[in-house]
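Notes follow once the structure below has been shown.
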Amino acid sequence: MSPVIGIDLGTTYSCIAYLENNQAQIIPNLEGNNTTPSIVSFTSTGEQLIGTPALRQAVTNPDKTIYAVKRLMGKKYNSPEIQEIQRRLTYKLAEAPNGDVLIDLEGSYITPQEISSLILRYLRKCAENYFGEKVREAVITVPAHFNDHQRQATKDAAKIAGINVLRVINEPTAASLAYGLSTKKDGHVVVYDMGGGTFDVTILEISEGIFHVLATIGDTFLGGEDFDNRLIEWILEDFKKKEGIDLKEDKFALQRIKEAAEKAKRELSYTLETEVNLPFIASGGQGSKHLQVVLTRSLLESLTKDLVDKTIPCMAQALDESKLSPEDIEEVILVGGQTKMPLIRSTVKNFFGKDPVDSVNPDEAVAMGAAIQSGVILGEVHDIVLLLDVTPISLGIETENDKFVKIIEKNTTIPTKKTMPFTTVEDNQRRVKIHVLQGESSRASENVSLARFDLVGIEQAPAGVPQIDVTFEIDADGLVKVSAKDVATGRQQSIEIRPSAGLSTFELNKIMKRTEEAAEVEKDDEAGLL
Ligand code: AMP
C-alpha cells in the first residue's frame, strides 16, 4: 500500500509527517528542512518557485511572491478582514465574480486554492522523494475555527494537487494526538495554538484512548503576522520620524522590512535586544539612507500586549464551555511558532497556573498528529481508539426579519445530524427558500452565508399542510451537508444549491485540467523522483 501522510498546511510554514511503528516521523523537504515556507513565487522568466527558493527572492519580486494565502482561503473580497490585510500585502488582490478573493498577478488571476495546491503538490513531491514511491492520500489539518468555506477551500486545494484527503482534522486536536501518543497520560488537556495567521484554544478530555474535544474557541484572524505588522508599523514610523521618508509605498523596502521584523521578533523570544540593519533602504535628496534600529523585547511586548490579551477571554470561555476551572487542567500544550514568544508563555502560565509542557514541538506537533490520525483511520494505531471532535461554529438558517435560528450549536460533537420540519405559508406554494448560515450572531446578515436552497416541486396543498424534513449534517471533516425529504410522499426533494463561495465543480475541474496539463510537462522531472 502506498504511504499516507499527515499535512499541516500552515499560514507561514507547512510540515509533513508519516507514521512508522506507531511513531510519527517528520518528512524533510527537498532542501532537508523539517518545515517549508508556505510561499509561491512567479519569476519574470515564467518559473514557479515554492518554499525556501520563493522566500529567498521575495525581496526582489514582491508583486509576484505570494505568501499567507491561508488567510485568504474561503473569504469574501469585501470582508473587513480582507480589506485590512490588503493594506499590508506586497501583492495585489482582486474580486472574483462570486465575490471571493483572487490574487492579481499583474493582470492574470489565480485563486488562493491554486496557490495552496502548488504548496501541497510540492509537499507531496517531498514525500515521494523520501519514500521513492507515489503518495496520493493524506490527512490534512485546518485551524479549529475554520468555517465550511475555508474547509472546503482546503479540500479543493488538495484535490487540485492530486491528493485524496482521507480526513480533515482540526490543528489543536492533531497536536493533542501527538501529545497523547507520546505521553499516554489521561486527563484534561488545553491546546493553545497560535500560528502565523490564526488562533485557537481547545480543551480535550483524554481517557483510555478516547480523545474528546470539549470546547474550542478562537479567532481565524489573529496570529504571528499581526505581531510582525505591529513591529513593521513601528519601524516605518521611527524611520519617518528620523529621516522624513515614508517607506510605506515602497514595495521593495517594505518587503525587506517585513522579513527583518519577523526575524527580529523571533530573536526577541531568546534575547532581550536585537538590531535591524537594512543598508540602502531609501535614497533621499541627500543620498542613500540606511535603516538601523535597536529593538528590545519590552518594546515588542508593549506593541503587542493587546494581541496577547485578546486570547485571555478565549481561554476563559473555553473553560466555561467545558464546565471546568483552571485547577481541572492537567497539561497545557503550546502549538504554533508564535507561542515561542515569552509573553505568550507567561500569559498562558498565569491563566492556568502551570507551566506549559515542553514535550511537544510547536512546529511539528500538528503534522505528526495528522499522521497519527491517518494511522487511526487505517487501523494501525491501537493506543488511540476514538477521536471525538466538535464543530466550532453554530449552523443554522435565516428566518423573518434577519433572524438567525441555530440548528446545530457550536461545540456539538461531530459527525452530527439534525432534522427540522418545514412547511408552506401560502396556499398552493410550490417552493420554499432556505438560507443556511454559520456563525454566532443572532442576526443572519452578520453570519457567514453557506448556501441558499430552494425546495421545489412541493405538491399543491393548503398553507401549513406539506411537511418537508430538512436534514442538516456536519461530517467528520467538519463539512456541512443539507438534504430534504417530502414526508407525505417519502420522496427526496430536489434541491437547488447555490453555494455562496468557493470553486464550483466546473471551475474545480477546469483548474484540475490546467494543472494536469502542467503536470504532464513536469513529468520528466518527476520521472527522476519516482
Ligand atoms: P506556524 O504557522 O505554526 O509555523 O507559525 C508561524 C508563526 O510563528 C510566524 O508568525 C512566525 O514568525 C512565528 N514564530 C516562529 N518562531 C518564532 C519565535 N521563536 N518567536 C516568536 N514567533 C515565532
Side-chain angles (χ1 to χ4, degrees), residues 6-17 26 29 33-39 51-52 55 58 67-73 85 88-89 116 119 123 140-146 154 170-172 174-175 178 191-202 218-232 257-274 276 295-301 303-305 307-308 311 333-348 356 358 360-370:
I7 305 177
D8 168 13
L9 180 63
T11 308
T12 39
Y13 288 91
S14 294
C15 184
I16 48 176
I26 296 295
N29 66 14
N33 300 320
N34 282 1
T35 58
T36 299
S38 304
I39 303 180
T52 310
L55 175 66
Y67 54 89
V69 286
K70 192 167 165 183
R71 301 191 105 176
L72 314 177
M73 299 270 277
I85 203 175
R88 296 198 209 92
L89 289 176
S116 290
I119 299 164
L123 296 172
I140 191 161
T141 61
V142 292
H145 242 73
F146 256 21
T154 308
N170 293 332
E171 287 162 9
V191 181
Y192 181 105
D193 179 1
M194 194 184 286
T198 59
F199 165 70
D200 292 302
V201 54
T202 299
D219 186 336
T220 44
F221 252 74
L222 176 62
E225 290 241 329
D226 300 303
F227 290 69
D228 301 352
N229 288 333
R230 292 287 171 85
L231 262 189
I232 294 168
I257 294 171
K258 179 173 146 32
E259 274 181 23
E262 199 256 354
K263 188 164 160 272
K265 176 192 75 173
R266 285 170 183 252
E267 283 168 9
L268 290 173
S269 291
Y270 309 106
T271 62
L272 294 176
E273 195 174 291
T274 186
V276 169
L295 300 174
T296 61
R297 185 184 289 175
S298 67
L299 171 74
L300 173 66
E301 290 183 348
L303 293 174
T304 57
K305 186 172 182 305
L307 298 176
V308 179
T311 70
I333 306 168
L334 297 179
V335 180
Q338 189 57 43
T339 61
K340 291 177 192 159
M341 184 183 190
L343 181 62
I344 291 188
R345 272 188 87 90
S346 60
T347 304
V348 176
D358 287 316
V360 172
N361 178 336
D363 296 331
E364 298 172 359
V366 172
M368 289 167 94

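In each ligand, atom 1 is the first atom listed, and ligand 1 is the first ligand listed.
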Tell me the protein heavy atom at minimum distance from [atom], and give that distance in Å.
atom: atom 23 (C) of ligand 1; value: Gly337 O, 3.2 Å
atom: atom 16 (N) of ligand 1; value: Arg266 NH1, 3.6 Å
atom: atom 12 (O) of ligand 1; value: Glu262 OE2, 2.5 Å
atom: atom 20 (N) of ligand 1; value: Ser269 OG, 2.6 Å
atom: atom 4 (O) of ligand 1; value: Tyr13 CB, 3.7 Å
atom: atom 9 (C) of ligand 1; value: Thr12 OG1, 3.7 Å

Could you verify whether a donor N or O on one side chain and an acceptor N or O on the other, from Ser38 and Thr12, lie under 3.5 Å apart?
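There is no such pair (donor and acceptor under 3.5 Å, judged by atom type) between the side chains of Ser38 and Thr12.
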
Short side-chain donor-acceptor distance under 3.5 Å, Thr36 and Asn29:
yes

With only distance considered, is [X] within less than 3.5 Å of ligand 1 through an N or O on each side?
X: Gly196; value: yes
X: Asp228; value: no
X: Tyr270; value: yes

Within the structure, is a non-hydrogen atom of Asp363 found at a distance of less than 4.0 Å from ligand 1?
no

Can you tell me if Phe227 has a non-hydrogen atom under 4.0 Å from ligand 1?
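It does not; every heavy atom stays at 4.0 Å or beyond.
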
Heavy atoms, side chains only, cut-off 4.5 Å: are [X] and [Y] in contact?
X: Glu267; Y: Lys263; answer: yes
X: Lys340; Y: Asp363; answer: yes
X: Tyr192; Y: Thr339; answer: yes

For the residue pair Phe199 and Phe221, is the inter-centroid distance of their aromatic rings smaller than 6.0 Å?
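Distance test on ring centres: not under 6.0 Å, no.
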
Salt bridge Arg88-Asp228, side-chain N to carboxylate O under 4.0 Å:
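Asp228 and Arg88: not salt-bridged.
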
Under-4.0 Å salt bridge between Lys258 and Glu262:
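A salt bridge is absent here (no side-chain N lies under 4.0 Å from a carboxylate O).
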
Show which atoms of ligand 1 fall inside a sub-4.0 Å distance from at least one heavy-atom site of [X].
X: Gly195; value: 1 (P), 2 (O), 3 (O), 5 (O), 7 (C)
X: Gly336; value: 3 (O)
X: Gly224; value: 10 (O)

Heavy-atom pair with the smallest gap, counting every atom of Ala367 and Ala17:
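Scanning both residues completely, I find the closest heavy atoms to be O-CB, 3.5 Å.
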
